[in-house]
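The first residue of the sequence shown is numbered 1, and numbering continues consecutively from there. No hydrogens, no waters, no symmetry mates; every other heavy atom, side chains included, goes into these values. Order of appearance sets the numbers: ligands from 1, and atoms from 1 within every ligand.
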Amino acid sequence: MELSDIEADLTSVLYTEEQIHDKIAEVARQVEADYAGREPLLVGVLKGAVMVMADFSRELKLAASMDWMAVSSYGSGTKSSGVVRILKDLDSDLHGRDVIIVEDIIDSGLTLSWLLENLQKRGAASVEIFALFRKPAAAKVAVDVRYVGFEIPNDFVIGYGLDYDEKYRNLRGVGVLAPHVYS
Ligand code: PRP
């Protein structure tokens with residue numbers, strides 16, 4: 001689905017499909033240089049990271065394996081607790097592996113902060129993060145993110161994996177959701 005298909009639901013377009021793909025290619029070149037001669041394990045966090053993972057992994061000119069986790073935050077539907085429950089764990093053994101966590105967005109940072117620590121304890125040789133979007137104004141904890149695509153304002157963004165009530169994930173681009181949709 002194109003951003004133009006849901007124009008009435010958007011306040012603005014943030015990034016087009018082309019801009020996103022250019023950024024992913026830029027990050028892929030950095031990762032290829034940093035991981036030359038190694039075979040990283042890309043860990044995607046369901047469901048938002050599906051689009052980034054699909055495009056980033058195919059852009060990467062490196063042999064890379066792929067695995068997935070699904071997590072959920074504890075606490076009355078909010079993400080404020082920072083305590084995370086694993087809904088689906090990795091199939092892979094992380095011992096000695098170079099792990100790159102692939103995420104769509106860092107909001108408060110609570111999910112990734114927890115995930116980073118959890119994966120580091122599993123004996124990985126290294127654990128780094130690639131997040132396509134980061135909202136600096138929403139940060140509650142500092143997370144050491146090696147690869148960031150775009151820093152964005154603290155708005156309600158949708159598309160390219162990001163949802164509102166499970167909708168809009170299949171948009172090719174990313175936009176700001178109009179308040180009339182969610183208020
Ligand atoms: C989103 C996103 C991150 C998390 C970031 O996932 O994919 O995992 O929120 O937020 P935080 O920095 O405040 O922890 P969400 O829980 O919405 O699930 P989804 O990927 O299935 O949409």
query = For Ser92 and Leu41, what are the C-alpha separation, side-chain angles and deciding distance, and is it a side chain to side chain contact (heavy atoms under 4.5 Å, CB included)?
reply = CA-CA 9 Å; Ser92 321; Leu41 171 65; 3.9 Å; yes
task = Please collect all salt bridge (Lys or Arg N to Asp or Glu O under 4.0 Å) contacts where either partner lies in residues 108-119, sequence neighbours excluded, each pair once.
result = Glu117-Lys121
message = Below 4.0 Å, non-hydrogen atoms only: which portion of Asp104 touches ligand 1? Side chain, backbone, both or neither.
response = side chain
request  = Decide whether a cation-pi geometry holds between Lys23 and Tyr15; the criteria are a distance under 6.0 Å from NZ or CZ to the six-membered ring centre and an angle within 45° of the ring axis.
outcome  = no
request  = Enumerate the atoms of ligand 1 whose separation from the nearest heavy atom of Ile105 is less than 4.0 angstrom.
outcome  = 2 (C), 3 (C), 5 (C)
inquiry  = For Arg169, state whether at least one heavy atom is located under 4.0 Å from any atom of ligand 1.
reply    = yes
task = Treat each ILVMFWY residue as a node, draw an edge where side-chain heavy atoms are under 4.5 Å apart, and state whether Val174 and Leu171 are in one component.
result = no
query = Could you give all pairs that pass the salt bridge (Lys or Arg N to Asp or Glu O under 4.0 Å) test and reach residues 168-183, with sequence neighbours left out?
reply = Glu2-Arg172, Glu17-Arg172, Asp163-Arg169, Glu166-Arg169
ask   = Is a side-chain N or O of His180 found less than 3.5 angstrom from the main chain of Ala8, in a donor-acceptor match?
value = yes
ask   = Which is closest to atom 13 (O) of ligand 1 in terms of heavy atoms, Ser108, Gly161, Gly44, Ser113?
value = Ser108
ask   = Which atoms from ligand 1 have a heavy atom of Leu46 less than 4.0 Å away?
value = 20 (O), 21 (O)
task = Determine whether the side chain, the backbone, both or neither of Val71 has a heavy atom under 4.0 Å from any heavy atom of ligand 1.
result = neither
message = With no hydrogens and no angle check, just 3.5 Å: does a side-chain donor-acceptor pair link Tyr160 and Asp55?
response = yes
Part of Lys140 within contact of ligand 1 (heavy atoms, under 4.0 Å) = neither
task = Would you check the N or O atoms of Gly109, main chain and side chain alike, for any that come under 3.5 Å of an N or O of ligand 1?
result = yes
task = Check ligand 1 against Asp163 and write out every atom of the ligand that is under 4.0 Å from a heavy-atom position of the residue.
result = 22 (O)
key: ligand 1 to Gly48 polar contact by distance, N or O atoms, under 3.5 Å   = yes
task = Before accepting this row, confirm whether a basic side-chain N of the pair Asp34/Arg146 lies closer than 4.0 Å to the acidic partner's carboxylate O.
result = yes
request  = State the atoms of ligand 1, each with its element, that fall below the 4.0 Å cut-off from a heavy-atom position in Leu110.
outcome  = 12 (O), 14 (O)
